[in-house]
Every structure is written in structure tokens, then in C-alpha cells.
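Here the structure is a predicted model, which is why all the values come from computation and not from measurement. Lettering follows sequence order; numbering is per chain, from 1.
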Number of protein chains: 4
Amino acid sequence: MPDMKKLSRAEQKARRPTQILDAAFEEFLERGYVATRVEDIANRIGVTKGTIYVYFETKEQLFEAMIRHISVPFEDLLASAHELKGTAAARLERLIELVYNRIVEDRQLRELMKFVIAEGSRFPQIVDRHHEAFIDPLDRHVQSLIDEGVKHGEFRPMPAAFADAVVAPAIAFLVFKLIFDDRRILDKTTYLKAHLDLVFNGLLV
Amino acid sequence: MPDMKKLSRAEQKARRPTQILDAAFEEFLERGYVATRVEDIANRIGVTKGTIYVYFETKEQLFEAMIRHISVPFEDLLASAHELKGTAAARLERLIELVYNRIVEDRQLRELMKFVIAEGSRFPQIVDRHHEAFIDPLDRHVQSLIDEGVKHGEFRPMPAAFADAVVAPAIAFLVFKLIFDDRRILDKTTYLKAHLDLVFNGLLV
Amino acid sequence: MPDMKKLSRAEQKARRPTQILDAAFEEFLERGYVATRVEDIANRIGVTKGTIYVYFETKEQLFEAMIRHISVPFEDLLASAHELKGTAAARLERLIELVYNRIVEDRQLRELMKFVIAEGSRFPQIVDRHHEAFIDPLDRHVQSLIDEGVKHGEFRPMPAAFADAVVAPAIAFLVFKLIFDDRRILDKTTYLKAHLDLVFNGLLV
Amino acid sequence: MPDMKKLSRAEQKARRPTQILDAAFEEFLERGYVATRVEDIANRIGVTKGTIYVYFETKEQLFEAMIRHISVPFEDLLASAHELKGTAAARLERLIELVYNRIVEDRQLRELMKFVIAEGSRFPQIVDRHHEAFIDPLDRHVQSLIDEGVKHGEFRPMPAAFADAVVAPAIAFLVFKLIFDDRRILDKTTYLKAHLDLVFNGLLV
DNA sequence: CATGAATGAGAGTTCATTCAT
DNA sequence: TATGAATGAACTCTCATTCAT
């Protein structure tokens with residue numbers, strides 16, 4: 001029976017990096033890369049500046065590590081998507097739902113987009129990585145569902161880049177959540193319903 | 001024949017504020033609010049940093065003035081939209097086209113979105129102003145076109161927030177242009193075609 | 001009958017220096033030499049910075065000119081003192097009264113002492129000039145009255161530097177007025193009475 | 001035998017604040033609050049400007065701390081005065097002597113008066129504090145000695161504010177020492193003798 | 001591993017002074 | 001004579017980074 005109450009020194013030590021990265025996430029988010037002080041990150045977990053430098057060589061490397069830390073890719077989401085059964089339409093609908101759920105539940109995913117936009121010109125790698133890890137896989141999966149639907153006669157033939165258009169409302173939803181945060185409440189259910197209705201029915205009679 | 005070679009003091013002075021604001025736009029864009037040095041803005045137009053302070057009291061006020069400077073609202077675009085003739089569908093299609101054109105042509109509009117996201121927590125006013133001046137008017141106009149189309153039997157009845165979903169792909173297009181800038185080419189025509197196809201035909205057969 | 005209402009341009013011009021010096025006095029007084037901005041002095045008389053430099057080469061020279069401007073020596077006071085009649089005691093009493101009156105009435109004299117103390121190490125000349133123009137003549141005159149009184153048997157023989165001690169309470173009164181300005185009211189009459197009583201009666205029975 | 005050559009970190013640290021305050025005293029004295037550069041204070045003790053900010057938040061707070069640092073009140077002097085024996089006259093004479101000694105020996109006390117006059121309008125607290133800690137206690141003590149002397153028939157009845165007049169020559173002495181510093185030598189003995197002679201014998205035969 | 005005193009390279013801002021108008 | 005745009009040096013304060021303990 002392991003003792004859960006107290007962390008041994010070794011465990012403590014092992015958690016430090018994660019602790020720092022979590023604190024860094026909050027601080028960098030709130031103030032941006034340049035305005036965040038290493039000391040604020042340290043204070044947030046009750047250590048001093050120097051301690052941060054024990055684990056990370058520079059503020060820049062800490063930022064990059066933090067980005068890697070919060071970038072837990074869509075793998076699981078796409079894995080779930082692959083396991084779906086049913087028509088292409090049903091599976092696409094379910095996938096879109098999963099994406100909305102993820103956007104609402106995973107704050108780090110949302111804020112990662114903020115870092116991509118806000119710090120993208122300072123840290124170009126994160127832009128590329130973000131595209132490779134999130135946008136592109138999602139796009140491909142949606143496109144393959146569309147292609148399948150078309151092949152099976154479920155969907156009509158579509159122009160190029162249609163997957164982008166299909167996914168776009170979810171992206172816009174994410175961006176609005178980012179911008180307005182808690183200032184304006186965006187209701188996921190309403191938004192999702194409108195999105196699905198658009199995708200599956202279009203506008204015309 | 002007037003002497004065109006040099007600007008008189010008076011002319012020079014009249015141009016200074018605009019000149020500074022344009023330079024500020026470029027610098028703030030490239031490095032963000034905090035990392036931009038007032039001196040860089042000054043250097044960009046060949047003056048010294050003191051000169052900036054002749055026209056703007058603080059870096060903060062300069063930033064805010066710059067944001068106002070680049071926020072030329074959609075008024076003209078919406079005015080054009082109001083003058084459109086034809087069915088609701090035709091007018092909606094044309095409006096979406098106009099929006100894409102604007103996104104492609106108006107770099108300042110695009111980058112304004114970047115400032116909203118990146119500096120929104122430092123300058124909350126710009127978030128609200130952006131919503132009032134851009135998002136909201138566009139949304140309302142689209143919604144009124146939809147309502148009209150529904151009334152005339154052109155469009156089927158739609159769930160709430162449908163206008164958001166209809167506009168969303170344009171927003172996503174803007175955000176992608178922002179993020180990838182020149183790193184990845186986004187073809188407006190392809191994107192627009194997919195968007196319109198989605199809106200007017202949905203996905204299903 | 002001269003037109004008093006408006007100053008001609010020439011008159012205007014002739015007054016400028018005085019106007020500037022008066023404004024300089026107020027500003028330098030309030031903030032001290034270093035913290036006073038040439039622009040504040042200009043604003044006070046409704047002109048711009050540049051105008052000050054038409055009349056004075058540097059801020060330093062302006063300060064020095066201001067000091068000279070407000071240093072209207074004791075000549076008249078001492079002249080009045082010379083015209084006094086009566087016993088040495090009566091004349092000394094009257095002189096002390098005149099000094100108190102001057103301290104109370106002549107704000108510039110009082111504030112000159114402040115400049116001497118506050119800016120003395122930056123402008124050593126004003127220290128010397130102040131001594132020569134004010135302290136020393138007064139001291140000498142008091143000393144000569146004392147000597148005369150001693151010679152006539154009015155006063156007992158006195159140790160060296162007695163004039164200083166006789167004048168000292170007036171100096172202290174001035175300094176307190178300077179320090180407390182309007183924060184603590186110092187009543188001239190009470191103070192003067194105590195001073196004269198001390199000088200003419202001492203403390204003992 | 002302890003190693004005297006170098007101070008340990010801890011010792012160094014403990015001394016820093018005092019070291020800084022002493023250096024600040026000298027610099028502020030020489031140039032006044034506004035003209036003193038934090039860097040000069042730092043250089044004086046061989047550290048860099050950043051170090052000052054480790055111990056004091058702003059130049060203003062440093063100045064105020066410095067004033068508190070040099071304001072070691074009269075408590076000991078008044079305590080000594082309370083222990084005096086003898087007639088009221090003898091005790092008053094001794095008190096006046098103690099005050100002169102203090103003025104001559106305690107440079108910080110003298111210069112405090114300079115700060116009160118020169119920076120009083122920028123730091124009004126120091127004016128009040130100075131009055132409460134120095135002027136007022138001294139005045140009260142002198143007044144109580146006078147009252148006692150009057151009660152015992154040693155002194156004749158005196159008008160109001162007499163204590164001020166009795167103390168005034170010492171204040172004037174202090175102010176002159178301040179103004180002329182080393183430019184003009186003021187001999188304490190001569191001055192004190194004249195002062196006591198004035199107080200105890202007045203001017204008249 | 002953790003600390004925090006110290007550094008030093010800036011960055012924002014101010015202001016005396018100049019000079020073309 | 002008067003203006004005020006422009007300059008540039010100076011000054012306060014900040015903060016990533018180092019290193020002795």
C-alpha cells in the first residue's frame with residue numbers, strides 16, 4: 001500500500017518540471033512570452049527564480065518545453081474516430097461532435113491556438129508543429145470521410161478544399177471562445193447544431 | 001509649378017501622426033506590444049524616439065491610437081451589401097464574396113484580428129470594439145438576409161446561430177491566413193468556392 | 001492721459017524679461033532648480049518654451065537672473081534705520097521691528113533664503129551674495145548700535161558676536177516661516193514681543 | 001581567530017541597507033533629491049544600480065528611508081537634560097550647551113534641516129516629523145525649565161513664546177553652519193557665549 | 001537541489017536646447 | 001519676436017541570467 005499523503009524527495013523532484021511547465025503555461029498565457037517574468041512562474045509554485053534555471057536553461061527553452069508539454073495531439077480523438085461505425089454521414093457528425101467537445105473541455109488545446117497566433121512569429125516552429133499535429137490530421141480524416149461518402153453515393157461530389165469548409169465552423173468557434181473567453185458565453189449546443197445543420201442540409205430549400 | 005521636392009514644415013507635421021501610426025502598426029505586428037521598442041518605430045520613419053513622444057504620450061496610447069487607426073469598419077462593405085439586388089441567395093453569395101475579397105485585400109483588417117487575440121487580455125477594449133464594429137454587424141446582416149430568404153420561401157427554416165455557421169468559414173480563412181501568412185498559400189478562389197458550395201448545397205446528395 | 005489699458009508692442013516687449021523672471025521665481029520655488037521645466041515657466045505666462053530662450057541663454061542663467069531679480073537688498077531698510085532718532089536702545093528696538101515687518105511682508109526675501117539653502121551648493125555665488133547683501137549689513141548695523149549704546153553707558157559691555165545673538169531670533173523666525181509656510185501660523189506680534197523682551201531684559205530677575 | 005579578511009554573504013547582506021542609506025545621505029545632500037542619480041549612490045559603495053533596487057523599491061522610498069535613517073531623535077539629549085541637577089538657570093545653561101555640542105558634532109542632524117527646507121515641499125511628511133521629533137520637544141523642555149524658574153523666583157515672568165526666543169540663536173547657528181558649511185568658520189564657543197550672555201543678562205545695563 | 005544577491009543590458013520617458021519658419 | 005517640432009542625452013526602473021553558499 002503506497003503512502004499517498006506525502007511525496008518523497010525523489011517524487012517531489014520528479015514532479016518539479018511538470019509543476020514548472022504548468023505554472024509557465026498559466027503565466028505565459030496571461031501575459032505573453034515577453035511580458036512574463038521567470039520570477040512570476042517561480043512564485044506561482046512557491047520556489048525562487050534560481051530553481052527554474054536548475055531545470056531549464058533559458059526562458060526561451062522553458063517556453064518551448066511548455067508548448068510541447070501542452071501539445072497533446074489529437075491521436076486519441078482520431079483513434080476514437082477510427083473506431084466509429086455507421087454511415088460516413090453518421091461518422092462525420094460524430095467526429096464534429098467530438099471536436100466540439102474537445103474544444104470545450106481542453107483548455108490547453110484552445111490556448112495553444114492563442115500561442116500559435118500570438119507568438120508564431122517569435123517561435124515559428126510551433127506554427128508548423130501545430131499544423132502537423134492538429135489541423136492537418138483532422139483535415140485529412142474529414143476529407144477521407146467525405147471521399148468515402150462520395151464513393152458510396154452518400155454525399156454528392158464536392159469541390160476541392162471542402163473538408164476545410166466543413167471543419168471551419170469548429171475553428172471559428174474555437175477562435176471565438178479564445179477571444180471572448182468568459183466575456184461572451186458561446187453555447188456549444190446551439191453552435192454545434194447550427195454547424196451540423198449547415199453541413200448536412202445547406203441553406204436552400 | 002509647386003516645389004515638390006520637399007515637404008514644408010507644416011506638411012511634414014500634418015503627416016507625422018499617420019506616419020507614426022503606420023510605422024507602429026508594422027512594428028507592433030512583428031514583435032507584439034511588449035517587445036516593440038518605441039525607438040524601432042521612430043527609426044522606421046527616420047526620426048528619434050523623442051519625436052514619437054511629441055505626438056503620443058505613452059507607448060500604450062500609441063498602441064491604442066494605432067488600433068483605432070487601422071480599424072476602418074465594415075461600413076462601406078455593408079453599404080455595398082445593402083445596395084445589392086436580386087434574390088436573398090444571390091445577395092448572400094455576393095456578400096460572402098465581398099468578405100473574402102476584403103480579407104485578402106485588407107491586410108490591416110486581418111492583422112487587427114491578430115492584435116485582438118494576442119493583445120486582447122492587455123487591451124480588453126479592442127476585443128469589444130472589434131466585436132461591435134466587425135463581427136456583430138456582419139452577423140446581423142447575414143442573419144437578416146437569411147430571415148428574408150426564409151420568409152420568401154427561398155431558404156428552409158434554420159436553427160439559431162445559423163448566421164454564425166454561415167460566416168464561420170470566412171473567419172477560419174482569415175485566421176489561417178493570419179497564422180500561415182506566406183508560409184502556406186491559401187487560395188481564395190478554391191476556399192470561396194468550397195464555402196459557397198457548402199452553404200448552398202450542404203453535403204448530402 | 002496715457003492709455004493704461006493696453007500695452008503697446010514695445011511695452012510688451014520691455015516687460016517680457018520681468019514677466020519671465022517672476023514666473024521663474026514661482027516655478028523654481030515650488031519645485032527647485034532641477035525639477036523645474038523651462039516649459040512650465042513659459043506656460044505660466046502664456047508663451048512657449050522657445051520664447052524663454054529668446055531672452056535667456058540657458059536655464060542656469062535664467063535661474064541666476066531670477067535670483068538677482070528678487071534680491072532687492074536691505075538698502076532702504078538700512079536707510080530707514082539710519083534716519084532713526086533716539087537712544088541706541090530705542091533705535092535697536094525699532095530696527096528689529098523693521099526686520100520682522102520685512103520678513104512678513106517680503107515673500108521674495110524669505111524665499112531667497114530657501115534658494116540659498118536649497119541651491120547653495122549648485123550656485124555658490126548666491127550664498128556669498130546673500131551674506132554680503134543681507135546678513136552682513138544687518139549685523140554691522142546692529143553691532144554699531146550696540147557699540148554706541150555701550151559707549152553711552154546705555155548697554156553693558158558685550159562679548160564678541162553679540163550682534164548675531166541679538167539678530168538670531170529674527171533669522172529663526174524667518175526660517176520657521178519658510179519651513180511651515182502656511183502649515184503652522186507663526187504670530188509675528190507674539191514672536192517680536194518675546195524677542196525684544198529677551199534682548200532688553202534677559203531671563204533673570 | 002576568525003577570518004576578518006572578508007565578509008560572508010550573510011554579513012554583507014546585513015550591512016547593505018545601512019551602507020546604501022549612508023551613501024544615499026551623502027549623494028542626496030550634495031545634489032538634492034531630483035539631481036541625485038541612483039547610479040551614483042550605487043557607485044559610491046561599489047555596486048551597480050540594480051543592487052539598490054534589490055533593497056529599495058523606488059528612489060522616492062530610498063529617500064524617505066534615508067531621512068528616517070538619519071533622524072535619530074533628541075531622546076538621548078533630552079534624557080541627559082532630565083538628569084541635570086541644580087537651579088533652573090544652571091540646567092537651562094547646560095541644556096543650551098548640549099544643543100550647541102549636538103549641532104556641531106552631529107552632521108546628520110544639521111543636514112536634516114537642509115532636507116527639511118530644500119525638499120519639504122516634495123516630502124511634506126519630513127517637515128512634520130522634524131517638528132515633532134526635534135523642534136517641539138526642545139521647545140517644551142525649555143519652556144518647562146523657564147516655568148520652573150519663574151515659579152521659584154529665579155526668572156522673572158515672561159511673555160508667551162519666550163522659549164522660542166531663547167532657543168532661536170541656536171537654530172540660527174545651525175542654519176548658518178548649514179549655509180556656510182566650511183566657507184565661513186563659525187566658532188561655537190564665541191557664539192555660545194554670546195547666546196548665553198544674551199539669555200541671562202539681556203542687553204541693558 | 002535550492003536560494004537570492006548581484007549584475008548589466010536595455011526600455012520608457014523626460015527635457016534642455018536648437019532652429020526653420 | 002515667437003513658435004514648436006525635433007533632438008539626444010540622461011535618468012528611473014526592469015529582468016534574464018549567474019553564482020557563491
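When the P atom of dA5(F) is taken as reference, atom CD of E39(C) falls 10 Å away, rounded to whole Å. Nucleotide dT17(F) holds its P atom 14 Å from the CZ atom of R37(A), rounded to whole Å. As rounded to whole Å, 14 Å separates atom P of dA16(F) from atom CZ of F63(A). Taking atom CZ of residue F56(B) and atom P of nucleotide dG12(E), one finds them 15 Å apart after rounding to whole Å. Distance, F28(C) CZ to dC15(E) P: 13 Å, rounded to whole Å. Between the CD1 atom of I41(B) and the C1' atom of dA11(E) there is a distance of 12 Å, given to the nearest Å. Atom CZ in R16(B) sits about 12 Å away from atom C1' in dT7(F), given to the nearest Å. Atom CZ in R15(B) sits roughly 16 Å away from atom P in dA5(F) (whole-Å rounding).
Nearest-nucleotide positions on DNA chain E for G46(A) and G50(D) put G46(A) closer to the 5' end. Each of V34(D) and E60(A) was matched to the nucleotide of DNA chain F holding its nearest heavy atom; the match closer to the 5' end belongs to V34(D). A residue-by-residue look at E57(D) and E57(A) shows that E57(D) has its nearest nucleotide of DNA chain F further toward the 5' end. Map I52(D) and T36(B) each onto its nearest nucleotide of DNA chain E; the residue landing nearer the 5' end is I52(D).
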Is there a ring-ring contact (aromatic ring centres under 6.0 Å, His included) between F63(B) and F115(B)? Walk through the geometry before answering.
CA-CA 10 Å; F63(B) 181 83; F115(B) 286 128; 5.6 Å; yes

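Residue Y55(D) has a polar side-chain atom (N or O) positioned under 4.0 Å from OP1 or OP2 of dA6(E). Within the 4.0 Å cut-off from OP1 or OP2 of dA6(E), not a single side-chain nitrogen or oxygen of T51(D) is found.
Ion pairing of E26(C) with R107(C) is present here, as a side-chain N (NZ or NE/NH1/NH2) and a carboxylate O approach within less than 4.0 Å.
Within the 4.5 Å cutoff, the side chain of F28(C) has no heavy atoms near those of the I67(C) side chain.
In the interface, the side chain of K49(B) is not paired with the base of dG10(E) through any donor and acceptor atom under 3.5 Å apart. At a cut-off of 3.5 angstrom, counting only N and O atoms as typed in the model, there is no donor on one side facing an acceptor on the other between the side-chain of K59(A) and the base of dT17(F).
Shown here for V127(A) and G120(A), the closest heavy-atom pair between the two residues is CG2-CA, 3.6 Å. The minimum heavy-atom distance between R31(D) and R122(C), with the atom names listed, is O-NH2, 3.0 Å.
Here dA20(E) sits opposite dT3(F) as a Watson-Crick or G-U wobble pair (both hydrogen-bonding atom distances under 3.5 Å). When both distances must be under 3.5 Å, the Watson-Crick or G-U wobble mate of dC15(E) is dG8(F).
In the set dT3(F), dA5(E), dA16(F), the nucleotide with an atom closest to the side chain of Y53(A) is dA16(F).
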